[in-house]
There are 2 protein chains.
Amino acid sequence: MPSASLNLIEDLSACCSPITGGALDVESAERLARVFKALADPTRVRLLSLIAATEGGEACACDLTAPVNLSQPTVSHHMRQLVDAGLVSRDQRGKWAYYRVVDSTLDAIANAIKPERLGQQTR
Amino acid sequence: MPSASLNLIEDLSACCSPITGGALDVESAERLARVFKALADPTRVRLLSLIAATEGGEACACDLTAPVNLSQPTVSHHMRQLVDAGLVSRDQRGKWAYYRVVDSTLDAIANAIKPERLGQQTR
DNA sequence: TCCTCGTATAGACAAACGTCAATACGTCCA
DNA sequence: TGGACGTATTGACGTTTGTCTATACGAGGA
């Protein structure tokens, strides 16, 4: 069921409660923590940067195993976490799976962390 | 020894390797993941936002236990994680401990997540 | 249709994590 | 100096996480 990941993305971009903008309710905190948890592993951070660094912004799953030096199932497991968190999208083409960074999610997280605008506060 | 947390802060602001700016080396990924791990728990996200929401930007440890509804040792444990990650600074004044959000660390993380500047959206 | 190959899932296991009760540490005040 | 009080540490516990091997799923080609 892919609805879980989709909900997370929508919730993130919809609410965007900034951490430093006031006391967060439990729900917002859980939503944010869920995304941070997906980023809380060095391997997943590297996988994300590997995908972003690929020209075209798209990386085949087959090219992700070697760089991180882990077994194929382990990489598949990590990719699932990234997809579920809405940080990465998956596109199956034939036998191959292609991953792409979801910029809007990264933006939402960045805004949640640092809502201050360069120059003046919009709020 | 407080050097561990200090090193992390310095490293973060010093290097700031953006996730989407090219393949990260293992060390940078670990550094980033360590900070994300500190944010990967709903309680710690709430604690962080509670501190940020306090007027003066400073919160007493004694005022943090009730809102999150956890035992004092547990809150103390979470605060240590936030301090070690460089997300929060601790100031002991008399019997009380005061915490304050370290903006530079939040900025560094936000920049690592979303290095693109406001001016030009390529997309 | 069967085989090959890329990917995902299942199951197992050690390590890390979040939480608590109990206790230790430090600072203030009488 | 001794007690009270705020905070940190210790030790224990069940749960979650990261990794592996083994296996299942699914698409393409002979």
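We use all heavy atoms of the structure for the numbers below, so side chains are in, but hydrogens, waters and symmetry mates are not. Order of the sequence lines fixes the chain letters, A, B, ..., with proteins taken first and strands second; residue numbering starts at 1 for each chain.
Per the geometry, CG belonging to B/Asp63 stands 12 Å off C1' belonging to D/dG6, to the nearest Å. Distance A/Arg93 CZ to C/dT7 P: 12 Å, rounded to the nearest Å. The NE2 atom of A/His77 sits 8 Å away from the P atom of D/dT17 (whole-angstrom rounding). Atom CG of B/Leu82 and atom P of C/dC17 are 14 Å apart (whole Å). Taking atom CD of B/Gln92 as the reference point, atom C1' of C/dC25 lies 10 Å away to the nearest angstrom. The CG atom of A/Leu64 sits 13 Å away from the C1' atom of C/dG6 (whole-angstrom rounding). Atom pair A/Asn69:CG and D/dG18:P shows a separation of 18 Å (rounding to whole Å applied). As rounded to whole Å, 13 Å separates atom P of D/dT7 from atom CG of B/Leu47.
Side-chain N/O atoms of B/Ser49 and B/Arg46 include no donor and acceptor closer than 3.5 Å. Donor-acceptor pairing under 3.5 Å is recorded for the side chains of B/Asp25 and B/Ser28.
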Check against side chain to side chain contact (heavy atoms under 4.5 Å, CB included), B/Thr65 and B/Leu70: CA-CA 6 Å; B/Thr65 305; B/Leu70 289 172; 5.9 Å; no
A/Tyr99 vs A/Leu82, side chain to side chain contact (heavy atoms under 4.5 Å, CB included): CA-CA, chis, key distance, verdict: CA-CA 10 Å; A/Tyr99 293 98; A/Leu82 289 174; over 6 Å; no
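Both cation-pi conditions hold for A/Arg93 and A/Tyr98: the charged atom is under 6.0 angstrom from the six-membered ring centre and inside a 45 degree cone around its axis.
With B/His77 as the fixed residue, the side chain to side chain contact (heavy atoms under 4.5 Å, CB included) test singles out one of B/Gln81, B/Arg80, B/Met79: B/Gln81.
With DNA chain D read from its 5' end, the first of the two nearest nucleotides for A/Val75 and A/Lys95 is the one closest to A/Val75. Place B/Ser76 and A/Lys37 on DNA chain D by their nearest nucleotides, and B/Ser76 ends up nearer the 5' end.
The phosphate of D/dA8 (OP1 or OP2) has a side-chain N or O of B/Arg90 nearer than 4.0 angstrom. Dashed line: the shortest gap from a side-chain N or O of A/Ser71 to OP1 or OP2 of D/dC20 is under 4.0 Å. Put simply, B/Arg80 has a side-chain N or O that comes within less than 4.0 Å of OP1 or OP2 on D/dT9. Between B/Gln81 and C/dG18 there is a side-chain polar atom (N or O) within less than 4.0 angstrom of OP1 or OP2. When the side-chain nitrogen and oxygen atoms of B/Thr74 are compared with OP1 and OP2 of C/dC20, one or more of them lie within a distance under 4.0 Å.
Considering only side-chain atoms of B/Asp41, the nucleotide from D/dG6, D/dG18, C/dG18 that sits closest is C/dG18. When distances run from any side-chain atom of B/Tyr99 to the nucleotides D/dG28, D/dA8, C/dG18, the shortest one goes to D/dA8. Side chain of B/His78, nearest nucleotide from D/dT7, D/dA22, C/dT19: C/dT19.
At a cut-off of 3.5 angstrom, the base of D/dA8 holds at least one donor-acceptor pair with the side chain of B/Gln72.
Using a 4.0 Å heavy-atom distance criterion, B/Tyr98 is classed as making no nucleic acid contact. Counting non-hydrogen atoms under 4.0 angstrom, B/Arg44 reaches the backbone sugars and phosphates but no base.
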